[in-house]
Protein chains: 2
Amino acid sequence: MKGKIKDPKPQIDLKAFAECGQCTCFNLRKASRIVTQYFDDSMRSIGLRGTQFTLLASAFAYSPITVTHMAEIMVTDRTTLGRNLRPMEKSGFIKVELGDDRRTRIVKLTDAGKEKLQEAYPLWKKAQQDVKMKMGSQNWSSMISKISNLIDQMQGS
Amino acid sequence: MKGKIKDPKPQIDLKAFAECGQCTCFNLRKASRIVTQYFDDSMRSIGLRGTQFTLLASAFAYSPITVTHMAEIMVTDRTTLGRNLRPMEKSGFIKVELGDDRRTRIVKLTDAGKEKLQEAYPLWKKAQQDVKMKMGSQNWSSMISKISNLIDQMQGS
DNA sequence: TCTATTTACGAGTATATGCACCTATTATCT
DNA sequence: AGATAATAGGTGCATATACTCGTAAATAGA
């Protein structure tokens, strides 16, 4: 009984999806997935993920720092960062200690963490260069610059 | 006993982190997070997430389609897509049926799903325009084009 | 046709992500 | 000082993501 008069079928224009294929969220997530996989693959031999490398690198840069402050810098939810640190703590790469302000938890990169970061660095470097190469250096620079701008603008709102 | 001669402390150059701050993976994920939150916020009033809007829009575009084929198009892991479809099935927006080839599962957008998509569309559209506006149309177009190029290059490897 | 291989999928496990709600601690106000 | 507000974190819940391993069905090869 298709095509009945009373049938209130949605009238979605086919053109709508062409538009949705340009969705900023969808495309960023898609790119994130494929690039994350590439970085994960690059570091799998030493048991680190791309996100975990970032965690160690950030801890190296900012340590000692509170969880909330680090989360702000990384543009992550506080609770997400707290949980993401857990595997790194279990591996002994990061310590999370009570701060003087006893509400806070202080993130510190351990010596083992520094060594792991050093071990990972050349693998990260290669992956980073590979991606840059695949895109072309100009395109890559332009993309990164636009993405940074996007992040700034979204935070500014 | 710091500074012992035998101490093989990692010699990480401080410049290394400045480099890591440009990590393609980190920056893409950071942008994904913040943009995803914006799209999620935009659709929270109707109980959809940005990712779920994408799911419905893709199902609308490609339905009927097998899970694996849809995953390929969306550049997602097959098992991820299968699981992500579950909440949409529970909500009645999508049906997953047995295919003629009985190994396959066929994804179909239901009438309720079409209605939901139609309801979500203006909210999506606004979020999309907001982001475009924040970045500036030129910058946005350039970024999307670079990201598409990145995805193509990463898949081509 | 019977076997070996390929294909499509699901379940288990682990991490990544963020919201709502709760607790503990500090800072502020009267 | 005591009451109130603000701040830092944690837990529960739900979704997002992908790898490994296992099963069922279709296909290719002998």
Side-chain angles (χ1 to χ4, degrees), chain A residues 25-26 28-41 43-45 47-56 58 65-72 74-91 93-94 96-107, chain B residues 25-26 28-45 47-55 58 65-72 74-91 93-94 96-107:
Chain A
C25 184
F26 174 47
L28 275 171
R29 292 184 71 89
K30 192 161 49 162
S32 280
R33 283 194 295 269
I34 200 165
V35 168
T36 296
Q37 273 185 60
Y38 195 79
F39 278 76
D40 282 357
D41 285 346
M43 303 192 190
R44 185 158 295 129
S45 61
L48 270 192
R49 298 190 176 195
T51 48
Q52 297 173 337
F53 173 81
T54 294
L55 232 43
L56 297 188
S58 299
I65 187 176
T66 67
V67 171
T68 294
H69 189 193
M70 189 166 165
E72 279 165 11
M74 299 182 73
V75 191
T76 311
D77 189 86
R78 176 180 59 73
T79 65
T80 299
L81 177 58
R83 280 190 245 254
N84 289 355
L85 287 172
R86 244 106 88 163
M88 295 296 88
E89 282 184 86
K90 214 181 326 182
S91 301
F93 302 144
I94 276 177
V96 181
E97 301 170 346
L98 216 71
D100 288 337
D101 179 339
R102 278 177 306 167
R103 290 171 302 183
T104 64
R105 297 290 181 281
I106 310 295
V107 178
Chain B
C25 183
F26 174 47
L28 276 171
R29 292 184 71 90
K30 192 160 52 162
S32 280
R33 283 194 295 268
I34 199 164
V35 168
T36 296
Q37 273 185 60
Y38 195 79
F39 278 76
D40 282 357
D41 285 346
S42 300
M43 303 192 191
R44 186 158 295 131
S45 61
L48 269 192
R49 299 189 175 194
T51 48
Q52 297 173 338
F53 173 81
T54 295
L55 232 44
S58 299
I65 187 174
T66 67
V67 172
T68 294
H69 189 193
M70 188 167 166
E72 279 165 10
M74 299 183 73
V75 192
T76 312
D77 189 87
R78 176 182 58 74
T79 65
T80 300
L81 178 57
R83 279 189 244 253
N84 289 355
L85 287 171
R86 244 107 86 163
M88 296 296 89
E89 282 185 86
K90 215 181 325 184
S91 301
F93 302 144
I94 276 177
V96 181
E97 301 171 345
L98 217 71
D100 288 338
D101 177 339
R102 279 176 305 166
R103 291 171 302 181
T104 66
R105 297 290 181 280
I106 310 295
V107 177

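All values below come from the heavy atoms of this structure, side chains included, with hydrogens, waters and symmetry mates left out. Proteins come first, then strands; the chains are lettered A, B, ... in the order of their sequence lines, and each starts at number 1.
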To the nearest 0.5 Å, atom CG of A:Leu85 lies from atom CE of A:Met70 at 5.5 Å
If I take atom CG in residue B:Leu28 and atom P in nucleotide C:dT17, what distance separates them, rounded to the nearest angstrom? 13 Å
Can you give me the first and the last nucleotide of DNA chain D (5' to 3') that has an atom within less than 4.0 angstrom of a non-hydrogen atom in chain B? D:dT15 to D:dA26
If you measure from CD1 on B:Ile106 to NE2 on B:His69, what distance do you get to the nearest 0.5 Å? 11.0 Å
Nearest 0.5 Å, what's the NZ-OG distance between A:Lys30 and B:Ser32? 12.0 Å
Spacing of B:Ile34 atom CD1 relative to C:dT17 atom P, expressed in whole Å: 13 Å
Less than 4.0 angstrom between a side-chain N/O of B:Thr66 and OP1 or OP2 of C:dA8, yes or no? no
Which whole-number value in Å describes the distance from A:Gln37 CD to C:dT15 P? 17 Å
Do B:Leu98 and B:Arg105 have side chains that get closer than 4.5 Å, going by heavy atoms? yes
From the set C:dG18, C:dA8, C:dA16, return the single nucleotide nearest to any side-chain atom of B:Arg29. C:dA16
Most 5' of B:Arg83 and B:Arg78 on DNA chain C, judged by nearest nucleotide: B:Arg78
Return yes if some donor-acceptor pair links the side-chain N/O of B:Arg29 with the main-chain N/O of A:Thr36 below 3.5 Å, else return no. no
Using whole Å, report how far CG of B:Leu81 lies from C1' of C:dC9. 12 Å
Pick the closest DNA chain C nucleotide for A:Asp100 and for A:Thr76 by heavy atoms, then say which residue is nearer the 5' end. A:Thr76
Once you round it to whole Å, what is the distance between P of C:dG18 and CD of A:Glu72? 14 Å
DNA chain D: 5'-proximal contact among B:Asp77 and A:Val96 (nearest heavy atom): A:Val96
Would B:Val67 and B:Thr104 count as a side chain to side chain contact (heavy atoms under 4.5 Å, CB included) here? Give the steps. CA-CA 7 Å; B:Val67 172; B:Thr104 66; over 6 Å; no
So, taking the atom named CG in A:Leu55 and the one named CZ in B:Phe26, what distance separates them when rounded to the nearest 0.5 Å? 9.5 Å
Looking at CE of B:Met88 and OG1 of B:Thr51, how far apart are the two atoms once the value is rounded to the nearest 0.5 Å? 8.0 Å
A:Asp40 CG - C:dA16 C1' separation (whole Å): 11 Å
Is there, by distance only and without an angle test, a donor paired with an acceptor across the side chain of B:Arg49 and the base of C:dG18 below 3.5 Å? no
Spacing of A:Met88 atom CE relative to C:dT15 atom P, expressed in whole Å: 8 Å
Base, sugar-phosphate, or nothing for B:Asn84, non-hydrogen atoms under 4.0 angstrom? base
Between the base of C:dC19 and the side chain of A:Thr79, is one N or O donor paired with an acceptor at under 3.5 angstrom? yes
Report which part of the nucleic acid A:Thr80 touches: base, sugar-phosphate, or nothing (heavy-atom distance under 4.0 Å, all strands). base
Atom-to-atom span, CD of A:Gln52 to P of C:dT17 - whole angstrom: 11 Å
Does A:Thr104 reach a base, just sugar-phosphate, or nothing at all? Heavy atoms under 4.0 Å. sugar-phosphate
